[in-house]
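Down below is the structure, laid out as structure tokens.
Reckoned from all heavy atoms, side chains included, excluding hydrogens, waters and symmetry mates. All of these numbers come straight from a predicted model, not from anything done at the bench. All chains are named by letter (A, B, ...) in the order of the sequence lines, taking the proteins before the strands, and each is independently numbered beginning at 1.
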Amino acid sequence: MDRPYDPKATEAKWQERWERDGLYRTPDRSDRPKFYFLTMYPYPSGDLHIGHWYAMAPSDAAARYRRMRGYNVLFPIGFDAFGLPAENAAIKHGIHPKTWTLQNIDRMRRQLRSMGAMFDWSREIVTCEPEYYKWNQWFFLKFYEAGLAYRALAPVDWCPNCNTTLAREQVVGADRRCERCDTAVIKKDLEQWFFRITKYADELLDFSGIDWPERIVTMQRNWIGRSEGAQVTFIAHAPDGSSHRLEVFTTRPDTLWGATFMVLAPEHPLVPVLTAPERRAEVEAYAYQARRQSEIDRLSTEREKTGVFLGSYATNPANGERIPIWVADYVLMGYGTGAIMGVPAHDQRDFEFARRYGLPTPVVIQPPGGTLPEPLPAAYDGPGRMVNSGPLDGTPVPEGIPQVIRWLEETGRGRRAVNYRLRDWLISRQRYWGTPIPIVYCERCGTVPVPYEELPVLLPEDVDFMPTGESPLKYHEGFRRTRCPRCQGPAERETDTMDTFVDSSWYQYRYITPHHQEGPFGSEEVHYWCPVDQYTGGAEHAVMHLLYTRFFTKALADLGLLRFREPMLRLFNQGVILGEDGERMSKSRGNVADPDEQVAKYGADVVRAYLMFMRPWDEGGPWSSRDIEGVARFLRRVWDLVTAPPPPPQEVPEDEALELRRRTHRTVRKVTEDFERFGFNTAIAALMEFANHLVRVRQTLAGSAAWEEAVRALVLMLAPVTPHLAEELWERLGGPYSVHTQPWPTYDPELARAPDVTLVVQVDGRVRDRLTVPADLPEAEARALALASPRVRQHLDGRVVRDVVYVPGKVLNIVLEPTPAEAKG
RNA sequence: GCGGGCGUGGCGGAACGGUAGACGCGCGGGACUUAGGAUCCCGUGGGUUCGUCCCGUGGGGGUUCGAAUCCCUCCGCCCGCACCA
């Protein structure tokens with residue numbers, strides 16, 4: 001026997017053989033049903049860390065399982081190669097981003113191969129290659145033609161550390177930090193390119209066709225933030241005597257009669273118009289202050305509300321009352337219309353504002369069966385009936401909303417409206433290492449798209465990419481200066497590059513035909529493989545990548561390029577793997593588990609199996625250098641089981657052989673079910689239990705048919721988890737190459753069902769005895785057996801049996817009449 | 001504040017409303033060894049009158065023949081959003 005198992009030599013041997021044989025090359029068509037299994041591609045940061053393994057190794061096992069289940073499985077890999085870290089590393093170390101990126105990719109390719117995954121490397125994509133990013137530009141032009149890409153001057157989020165604008169999704173927290181570097185962002189007014197994702201807001205709220213984790217669905221829903229209500233027109237009277245329509249959005253039109261003031265955001269265009277001359281200085285000072293405030297940490301959302309009276313008034317369209325107009329920074333220009341009606345009695349924010357500035361707070365909703373106290377201690381937003389609301393007095397609250405809306409529409413004072421929190425996707429970046437935006441600005445012709453035949457607009461390499469706060473390409477004369485495609489006159493190129501999330505919005509389609517020249521992908525092939533059947537990756541992309549790629553797919557469908565509207569049918573988020581101390585892994589904490597080291601110590605199979613066994617995959621958790629030993633021990637035991645010299649031939653005890661067969665089929669059933677739901681930890685636990693049993697019966701059963709069946713099943717079920725070990729053992733068992741193209745073992749449900757079960761006998765719900773009985777024992781017999789049990793009789797004690805609950809194969813519960821004492825108590 | 005998730009031995013965790021603690025780690029005992037941090041066997045929630053019964057799944061209450069599981073409530077932790085009108 002070969003002992004001990006030598007993972008290093010074995011893993012290298014098989015990886016080479018698989019590579020040579022093209023074992024993982026995916027055929028473009030097949031009689032088998034297709035299954036597109038996709039795991040999020042990595043950013044080539046330099047080293048493959050354990051988090052990559054945690055995302056990819058179980059995905060690989062699941063993909064291998066699918067393949068053994070008879071599917072034509074596509075499991076591709078590539079690199080998300082554009083992005084800031086390359087540029088930052090380049091600035092720091094004086095190495096070109098491209099060199100840095102490609103070196104890292106080389107290194108990571110080697111590391112990824114050490115995992116022994118079934119990636120089809122022939123389909124690899126690298127997004128910083130012109131062959132890839134050309135199609136980002138192509139999509140941009142298509143979007144531009146369709147009105148889905150537009151340029152606008154807008155107050156945008158700017159990260160002073162990354163020196164670029166960010167999409168709204170890339171600004172996190174109440175203190176508005178950069179998602180990448182945690183720096184507090186500031187506002188700037190810039191002309192930027194946007195993708196019109198808001199056009200799809202409603203469709204993006206529809207998750208009916210896809211099976212995604214509740215968590216992600218909820219986050220996307222909240223992010224899109226749909227609210228229904230009304231847009232109401234107030235007439236504002238400027239100090240110069242002119243009148244202006246002042247639009248507000250409200251989700252509570254039923255409280256319109258309670259609006260006693262209006263508030264504009266400091267950036268609202270009507271602020272200067274509506275400011276009285278004598279208040280101008282104060283208003284301007286406030287607006288300036290508010291502007292600065294958004295540049296400083298606006299940490300506290302609980303801070304007191306502040307504002308300034310403009311000195312002008314508007315008319316409440318409901319009751320004709322004259323109400324003052326204020327400016328306050330608790331109203332945001334970026335949501336709704338940037339103006340609100342203040343209903344202090346029924347909105348907590350308005351209430352606080354009114355209290356501070358002594359504005360009246362008339363009640364227009366009274367709670368059921370009561371009146372609100374005077375003075376009001378807080379805003380009331382519960383149920384009730386409308387009061388002081390003219391014709392609608394007495395209307396109960398939920399019904400009041402549509403009635404007021406109808407009234408507004410009939411009188412031309414407003415209309416039903418829907419508002420979203422979602423903003424259009426800002427894709428311009430003032431950085432070098434990204435896809436150039438294919439637009440030319442011509443003095444005569446204006447904004448001119450680069451013609452398709454001139455794509456790709458190549459990213460020049462000889463660029464000084466030191467961050468200046470402006471696009472590095474702006475200082476590259478050869479790039480910037482160009483000719484107008486329309487009039488051939490002198491023109492300038494757009495020098496911003498695209499958000500790298502554009503790259504990842506459609507990469508799943510590029511894998512299908514990675515070198516396609518005539519378009520972004522071959523339509524026939526994409527419609528064979530797509531949509532993705534199973535996607536796996538981290539939850540941190542919930543409202544970025546995962547939202548953008550849904551938008552992209554819908555947009556491409558509307559452009560006639562795709563015949564489906566969701567990119568990924570099923571999504572699974574693995575958890576986060578932590579250091580041994582339970583903290584996030586980081587070099588500075590020194591709690592990093594390095595996969596290369598672990599592979600050198602245990603071999604890839606042990607690392608894979610440990611990561612899958614450790615905890616439920618969606619929960620993640622701390623790495624344990626102790627627990628991995630247990631997995632190593634398990635695999636050694638399996639090795640010995642198969643390779644140890646067989647015991648001398650002997651008579652096979654039939655009952656033990658049958659019991660082994662039953663266990664085999666039961667284990668196949670359990671492991672199959674667990675693989676289906678990604679319950680890898682329990683699948684491996686079942687395999688351990690099975691292997692332990694095999695160790696116990698080896699002396700008596702080795703060599704028997706039941707034994708052969710068991711060992712083969714064990715090796716086949718291990719194949720997705722520990723591909724190298726399984727291949728080696730399979731060969732030693734005399735199985736045909738390769739174990740990975742063998743069918744997954746099947747089970748006989750009859751055999752898998754245990755013939756004898758432990759029937760739990762309870763008295764009043766407490767376990768009193770356990771009987772081994774046939775699974776299908778009739779109730780009468782079960783009852784007789786239970787009542788015959790001395791342990792049970794002891795508890796009956798002559799008392800009256802009121803009821804017997806029998807669940808065959810599980811439990812028999814004898815319910816007694818309560819004793820007088822119990823009955824009283 | 002709103003939304004989502006979670007709370008089980010010394011530890012990681014199992015458990016269609018039906019034997020709580022599978023599997024693994026650790027620990028205790030033993031075997032084999034020159035030796036072992038290798039391997040194998042036995043034990044391992046707490047209490048106990050120990051071939052017994054009692055108590056145990058964050059606390060309290062409820063539904064049920066039966067609750068870790070369902071409902072209510074409180075406490076604690078994690079994640080997301082956050083002045084969104």
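- Note on Phe613(A): a base of the nucleic acid sits closer than 4.0 angstrom, heavy atoms only.
- Judged by the 6.0 Å and 45° rule, Arg421(A) forms a cation-pi pair with Trp223(A).
- One P atom belongs to C41(B), the other to G5(B), and the distance between them is 43 Å to the nearest Å.
- Arg221(A) comes within contact range of no nucleotide atom at all, as no heavy-atom separation falls under 4.0 Å.
- Remark: U39(B) base-pairs with A31(B); criterion is Watson-Crick or G-U wobble with both hydrogen-bond distances under 3.5 Å.
- Using a 4.0 Å cut-off between a side-chain N of Lys or Arg and a carboxylate O of Asp or Glu, Glu659(A) and Arg663(A) qualify as a salt bridge.
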After noting the C-alpha distance and the side-chain angles of Val363(A) and Tyr380(A), does the key distance pass the side-chain contact (heavy atoms from CB on, under 4.5 Å) rule? CA-CA 9 Å; Val363(A) 169; Tyr380(A) 177 78; over 6 Å; no
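- U64(B) and C71(B) are spaced 16 Å apart, taking the P atom of each and rounding to whole Å.
- Taking only side-chain nitrogens and oxygens, Arg791(A) comes nearer than 4.0 Å to OP1 or OP2 of U52(B).
- With rounding to whole Å, Phe680(A) atom CZ is found 17 Å from A14(B) atom C1'.
- Gln348(A) contributes a side-chain N or O that, together with a main-chain N or O of Ala379(A), makes up a donor-acceptor pair within less than 3.5 Å.
- Taking only side-chain nitrogens and oxygens, Arg633(A) comes nearer than 4.0 Å to OP1 or OP2 of C25(B).
- Atom pair Lys670(A):NZ and C23(B):P shows a separation of 12 Å (rounding to whole Å applied).
- Nucleotides U63(B) and U69(B) are separated by 13 Å at their C1' atoms, to the nearest Å.
- Contacts of Asp350(A) with the nucleic acid, taken as non-hydrogen atoms under 4.0 Å apart, are absent.
- Here, G7(B) and G58(B) have their P atoms 8 Å apart, quoted to the whole Å.
- Here Arg768(A) lies in heavy-atom contact (under 4.0 Å) with sugar-phosphate atoms only.
- Side-chain atoms of Thr643(A) and Tyr5(A) include no donor-acceptor pair closer than 3.5 Å.
- Within the 4.0 angstrom heavy-atom criterion, only backbone atoms of the sugar-phosphate kind lie near Met614(A); the bases stay farther away.
- Checking the phosphate oxygens (OP1, OP2) of A15(B), no side-chain nitrogen or oxygen of Thr682(A) falls inside 4.0 Å.
- Residue contacts shown for Val331(A) include a base, since a base heavy atom lies under 4.0 Å away.
- Contact check, Gln794(A) against C53(B): a side-chain N or O comes under 4.0 Å of OP1 or OP2.
- If you take CG of Asp381(A) and P of C83(B), they are 18 Å apart, rounded to a whole angstrom.
- Checking C83(B), C23(B), G80(B) against the side-chain heavy atoms of Met219(A) singles out G80(B) as nearest.
- Counting non-hydrogen atoms under 4.0 angstrom, Arg421(A) reaches a base of the nucleic acid.
- Ring centroid separation for the pair Phe261(A) and Phe353(A) comes in under the 6.0 Å cut-off.
- In this entry G26(B) has U44(B) as its Watson-Crick or G-U wobble partner, both defining distances falling under 3.5 Å.
- As judged by a 4.0 angstrom heavy-atom cut-off over every strand, Asn692(A) is placed among residues touching the sugar-phosphate backbone only.
- Rounding to whole angstrom units, CD of residue Glu673(A) and C1' of A15(B) are separated by 14 Å.
- The distance from atom CG of Leu641(A) to atom P of C40(B) is 11 Å, rounded to the nearest whole Å.
- Between Phe680(A) and Phe678(A), the two ring planes are parallel [angle under 30°; tilted spans 30° to 60°].
- Residue Val805(A) is classed as a base contact, given a heavy-atom separation below 4.0 Å to a base.
- Backbone-only engagement by Pro616(A) is indicated by non-hydrogen atom pairs under 4.0 Å involving sugar-phosphate atoms exclusively.
- At a threshold of 4.0 angstrom between heavy atoms, the contacts of Thr758(A) include nucleobase atoms, whether or not backbone atoms are also involved.
- Checking G1(B) for Watson-Crick or G-U wobble geometry (two distances, each under 3.5 Å) identifies C81(B) as its partner.
- Nucleic acid contact class of Glu214(A) (heavy atoms, under 4.0 Å, all strands): none.
- Closest contact between the side chain of Arg215(A) and the listed nucleotides C79(B), A85(B), A22(B) involves C79(B).
- Contact annotation: Arg766(A) side-chain N/O to A67(B) OP1/OP2 distance is not under 4.0 Å.
- Regarding contacts with the backbone of A22(B), every side-chain N or O of Arg666(A) stays at 4.0 angstrom or more from both OP1 and OP2.
- In the interface, the side chain of Asn813(A) is paired with the base of C65(B) through a donor and an acceptor atom under 3.5 Å apart.
- Between A22(B) and A15(B), the distance separating the two P atoms is 12 Å to the nearest Å.
- Distances shorter than 4.0 Å separate some side-chain N or O of Arg637(A) from OP1 or OP2 on C40(B).
- In textbook terms, a nucleotide whose glycosidic angle is within 90° of 0 is syn, and G9(B) is one such case.
- Both tests hold for Arg550(A) against Phe207(A): distance to the six-membered ring centre under 6.0 Å, angle to the ring axis within 45°.
- Regarding Arg677(A), its CZ atom lies at a distance of 10 Å from the C1' atom of A14(B), rounded to whole Å.
- In this structure, His795(A) reaches the C53(B) phosphate: one of its side-chain N or O atoms is under 4.0 Å from OP1 or OP2.
- Of the candidates A20(B), C23(B), U39(B), U39(B) carries the atom nearest the Arg636(A) side chain, counting heavy atoms from C-beta on.
- Residue contacts shown for Arg626(A) are limited to sugar-phosphate atoms, with no base heavy atom under 4.0 Å away.
- Nucleotide C81(B) holds its P atom 13 Å from the CD atom of Gln170(A), rounded to whole Å.
- Pair assignment for U49(B): none, as no Watson-Crick or G-U wobble contacts are both less than 3.5 Å.
- Residue-level contact check: Val807(A) touches the bases, meaning some heavy atom is under 4.0 Å from a base atom.
- With both ends at atom P, the span from G76(B) to A82(B) equals 25 Å, rounded to whole Å.
- Going from the P atom of G28(B) to that of A38(B) covers 13 Å, rounded to whole Å.
- No donor-acceptor distance shorter than 3.5 angstrom exists from the side chain of Gln574(A) to the backbone of Gly620(A), with no hydrogens or angles considered.
- The gap from the P atom of A20(B) to that of G56(B) amounts to 13 Å, rounded to the nearest Å.
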